[in-house]
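First the structure, in the form of structure tokens, and then the observations on it.
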Amino acid sequence: MSMRLSDYFLPTLKENPAEAQIVSHRLMLRAGMVRQSAAGIYSWLPLGLRVLEKIGAIVRQEQNRAGAIEVLMPTLQPAELWRESGRYDDYGKEMLRITDRHDRDLLYGPTNEELITQIFRDNVRSYKELPRNLYHVQWKFRDEIRPRFGVMRGREFLMKDAYSFDIDEASARQAYQKMFVAYLRTFKRMGLQAIPVAADTGPIGGDLSHEFIILAETGESEVFCHEDVLNQPVPEADYSRDLTPVIDAYTQYYARSDEFHDGAIFEEQVPEAKRVTARGIEVGHIFYFGEKYSAPMKALVTGPDGKDVPVHMGSYGIGVSRLVGGIIEACHDDDGIVWPWGVAPFHVGLINLKPGDAATDALCDKLYNGLSQNGLDVLYDDRDERAGAKFSNMDLIGLPWQAVVGPRGAAAGEVEIKNRATGEKITLSLEDSLQKLSQAPIQK
RNA sequence: CGGGGCUUGGCGCAGUCUGGUAGCGCACCUGGUUUGGGACCAGGGGGUCGCAGGUUCGAAUCCUGCAGCCCCGACCA
């Protein structure tokens, strides 16, 4: 949806707030996307919320395509459930515990395995209802010892978590593969280069655990991988085929984060010319954990042989709010944010250099209405501000395209179009600019 | 939780050492001049100096306690 800046709420800052150290945090504050409420807890202002929702929409679309079904579980959960899995005591101080008026123990969910397992066991009896994958996008809370890096390491965070249910490990492996593919597609659509790296599988063992790390110069973790991992094509959303070759194309190569990096193996498996060391941010994690929750919590289904067996489960997380910061870490320059098309809060920033000038206003209105009718979201800076302030502000908030109309151009019926990513500017007629902006989005 | 730093108007800061009743830049309001890369002039509003005690004739400043926030570490989507 398009907006006039004079009607919008976009409190931008000219100076860097002292509390923000890393670039994404600084830019999110300066661009009026978030405001901190307490350590690691943020309010989302309109611009930030738009990005959060764009990311959520992509995540949902790709989850749905992969056959996952959306639900919504509460933020507060009864402690009882966590006692069943044994995690109420194990989780430690990271879990925020709450007592209600009846003295019942509650907790603000740091994750939802227990809850989803309960929902499943209460409602599914037969293997015939499998496989199933349920997900939701919900706020979580983990009382981190030290929240930092703005929304990338907040205590409260928005996360998509999916849970798969299968009759056996072989079937669970397929569920895993679908999510693997969905993740590759999801991050690609956000304009990110994501690397699936082998991760710790914990007590279950096996090869079914991967973290997805997006590349960003300022990322907190280091990644070591074979260069060819970076050049794999993004798979089609065809989930009816055997996905093993698709997955193998990625997993055949060495790719690990600093946590599990082994220099010797790296050198042995990757030729020197193909060794890549980069920095990145973990934005997703998928893993198979078998009967870890289903067995103690008695989530059983009757198999074809008439016997009850615990379901095999996997869980698949994406840090939605973390991605907002992560994307900015990956996509910015000295002037501000450079949004990838897929997650940009608006597609076009329209700058009226002289509000009140009849010809300028008229041309801006035509552009605003035309672009909006063509399905683009336009943020129209119709404020009575100086040109420089408008340019700087527009660069800061990083919309992919800028359309600039001044009295000079208006007289000639011309619009200046600027590509935020490349800085390239061209002057076009109204019609041409409408056409240019309404077609192919920028591919960075 | 260990170590370090910080807290003064919406934001960024000075003033604290050497107590004397709060200042600068930006932002905001009014008027004027400006107007294609964060303008200029004039006037104006806004702060119980994080909180609570204490010392003192007098505390932003000294003392004690507490809280919040930031950074490094262990921990983590």
Side-chain angles (χ1 to χ4, degrees), chain A residues 11-22 25-26 29-30 32 35-41 55 59 91-95 109-113 137-162 183 199-200 209-214 220-221 257-259 280-287 315-326 334-336 351-357 360 381 383-397 402-411 414-416 418 423 425 427:
Chain A
T12 55
L13 289 96
K14 204 162 163 183
E15 293 175 273
N16 283 321
E19 79 219 42
Q21 300 299 312
I22 62 158
H25 191 193
R26 281 205 305 265
L29 290 168
R30 286 192 53 203
R35 288 294 181 264
Q36 178 165 298
S37 169
I41 301 177
I55 292 172
V59 168
Y91 221 93
K93 290 193 165 182
E94 230 180 61
M95 187 155 77
T111 177
N112 287 67
E113 280 85 2
V137 180
Q138 178 63 291
W139 291 93
K140 309 277 193 289
F141 194 92
R142 291 183 194 172
D143 201 357
E144 298 279 345
I145 296 167
R146 180 154 97 87
R148 63 184 121 175
F149 306 146
V151 299
M152 291 209 299
R153 271 285 287 288
R155 291 192 292 172
E156 188 181 50
F157 57 97
L158 187 62
M159 180 175 169
K160 183 284 299 184
D161 39 329
Y183 275 38
D200 188 7
S209 177
H210 287 87
E211 288 177 353
F212 285 76
I213 294 181
I214 57 166
E220 50 177 336
S221 34
S257 70
D258 40 13
E259 290 172 86
I281 299 158
E282 186 194 341
V283 291
H285 195 170
I286 61 178
F287 59 102
S315 85
Y316 315 90
I318 290 181
V320 175
S321 51
R322 165 178 275 200
L323 267 166
V324 180
D334 290 345
D335 296 323
I351 296 178
N352 183 336
L353 287 176
K354 192 163 186 177
D357 178 81
T360 313
D381 191 346
R383 299 170 307 160
D384 186 18
E385 288 285 337
R386 298 177 65 81
K390 294 190 173 193
F391 290 136
S392 302
N393 213 246
M394 207 53 92
D395 285 345
L396 172 65
I397 67 174
Q402 292 172 16
V404 181
V405 177
R408 218 164 52 209
E414 287 174 347
V415 180
E416 184 181 279
K418 175 178 161 183
K425 295 177 188 171
T427 300

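Throughout, protein chains are lettered first and strands after them, A, B, ... in sequence-line order, and every chain is numbered starting at 1. The model shown is predicted, which means the values in this text are computed figures rather than measured ones.
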Give the B/S/- string for nucleotides 1-10 of chain B, one per nucleotide from 5' to 3', where a protein heavy atom under 4.0 Å of the base yields B, of only the sugar-phosphate yields S, and otherwise -.
B---------
Would A:F391 count as stacking on B:G38 if stacking means ring centres less than 5.5 angstrom apart and planes tilted under 30 degrees?
no
Could you state the CH2-C1' distance from A:W139 to B:A77, rounded to the nearest angstrom?
13 Å
With sequence neighbours excluded, what pairs up with A:K354 under the salt bridge (Lys or Arg N to Asp or Glu O under 4.0 Å) test?
none
Just jot down the salt bridge (Lys or Arg N to Asp or Glu O under 4.0 Å) partners of A:K390, sequence neighbours excluded, or say none.
A:D381
Between A:G388 and A:H285, whichever has its closest RNA chain B nucleotide further toward 5' is A:G388
A:M152 CE to B:C71 P: how many Å, rounded?
11 Å
Looking only at atom C1', what distance separates B:C29 and B:G45, rounded to whole Å?
7 Å
Is A:G92 touching bases, backbone alone, or none of the nucleic acid, heavy atoms closer than 4.0 Å?
nothing
What nucleic acid atoms does A:N393 come within less than 4.0 Å of, heavy atoms only: base, sugar-phosphate, or nothing?
base
Can you measure A:R153 atom CZ to B:C75 atom P for me and round it to whole angstrom units?
11 Å
Please state the C1' separation for the pair B:G53 and B:A67 - nearest whole angstrom.
14 Å
Relative to the 5' end of RNA chain B, which residue comes earlier, A:I22 or A:V151, by the nucleotide with the nearest heavy atom?
A:I22
Using atom types as modelled, flag every donor-acceptor pair under 3.5 Å from a side chain in residues 142-150 of chain A to any protein atom, sequence neighbours excluded.
| unit_1 | atom_1 | unit_2 | atom_2 | d |
| --- | --- | --- | --- | --- |
| A:R142 | NE | A:P110 | O | 3.0 |
| A:R142 | NH2 | A:P110 | O | 2.8 |
| A:D143 | OD1 | A:R155 | NH1 | 2.9 |

Once you apply a heavy-atom cut-off of 4.0 Å, does A:E416 come out as touching a base, just sugar-phosphate, or nothing?
base
A:E282 has a side chain; which of B:G12, B:U35, B:A77 sits nearest to it?
B:A77
Across all strands shown, which nucleotide pairs with B:C13 by Watson-Crick or G-U wobble geometry, both distances under 3.5 Å?
B:G23
Regarding A:K160, tell me which of base, sugar-phosphate or nothing describes its non-hydrogen contacts under 4.0 Å with the strands shown.
nothing
Can you measure from OG1 (A:T111) to CE (A:M95) and round to the nearest 0.5 angstrom?
11.0 Å
Identified pairing partner of B:G50, criterion: Watson-Crick or G-U wobble below 3.5 Å
B:C66
Mind checking A:A20 for me? I need base, sugar-phosphate or nothing, with any heavy atom below 4.0 Å counting as a touch.
nothing
What's the closest nucleotide to the A:R148 side chain, out of B:C11, B:G36, B:C75?
B:C75
Could you check whether any side-chain N or O of A:R322 sits under 3.5 Å from a backbone N or O of A:G284, counting only pairs where one atom can act as donor and the other as acceptor?
no
Which whole number of Å gives the distance between the P atom of B:A52 and that of B:U8?
15 Å
Closer than 3.5 angstrom, by distance alone: can the side chain of A:S209 be matched with the main-chain N or O of A:F287 as a donor-acceptor pair?
no
Go through the structure and list residues passing side chain to side chain contact (heavy atoms under 4.5 Å, CB included) with A:L13, not counting sequence neighbours.
A:P17, A:R30, A:R35
Partner residues of A:E15 under the side chain to side chain contact (heavy atoms under 4.5 Å, CB included) criterion, sequence neighbours left out
none
If you look at every strand shown and take non-hydrogen atoms under 4.0 Å, does A:A387 touch a base, only sugar-phosphate, or nothing?
sugar-phosphate
Using Watson-Crick geometry (N1-N3 plus N6-O4 or O6-N4) or G-U wobble (N1-O2, O6-N3), each under 3.5 Å, B:U56 is paired with none
Take the protein atom CD of A:Q21 and the nucleotide atom C1' of B:C70, then report the distance between them rounded to whole Å.
6 Å
Would you indicate, yes or no, if B:A77 has its OP1 or OP2 atom less than 4.0 angstrom from a side-chain nitrogen or oxygen of A:R322?
no
Expressed in angstrom and rounded to an integer, what is the separation of A:K14 atom NZ from B:G25 atom P?
13 Å
Suppose you measure atom C1' in B:A39 against the same atom in B:G46; what distance do you get, rounded to whole Å?
24 Å
Partner nucleotide of B:G2 by Watson-Crick or wobble geometry (both distances under 3.5 Å):
B:C72
Gap between atoms NZ and P, on A:K390 and B:U34 respectively (whole Å)
19 Å
Report which part of the nucleic acid A:E211 touches: base, sugar-phosphate, or nothing (heavy-atom distance under 4.0 Å, all strands).
nothing
What integer distance in Å separates A:D395:CG from B:G36:P?
16 Å
Kindly point out which of B:C11, B:C76, B:G36 is positioned nearest to the side chain of A:E144?
B:C76
A:K160 vs A:Y316 side-chain heavy atoms within contact, under 4.5 Å:
yes
Taking only the side-chain heavy atoms of A:E19 (C-beta and beyond), determine which of B:C70, B:C76, B:G36 contains the nearest atom.
B:C70
Would you indicate what A:G317 reaches in the nucleic acid, counting non-hydrogen atoms under 4.0 angstrom: base, sugar-phosphate, or nothing?
nothing
Distance only, no hydrogens: is a donor on one side chain within 3.5 Å (strictly under) of an acceptor on the other, for A:Q402 and A:D395?
yes
Euclidean distance, atom CD1 of residue A:I397 to atom P of B:G37 [Å, nearest integer]
19 Å
Counting only Watson-Crick or G-U wobble pairs whose two distances fall under 3.5 Å, which nucleotide matches B:G38?
none
Just call it for A:R30: base, sugar-phosphate, or nothing, with non-hydrogen atoms closer than 4.0 Å on any strand.
base
So, is A:R155 close to the B:A77 phosphate, meaning a side-chain N or O under 4.0 Å from OP1 or OP2?
no
Which nucleotide in B:A77, B:G12, B:G37 has an atom nearest any side-chain atom of A:S392
B:G37
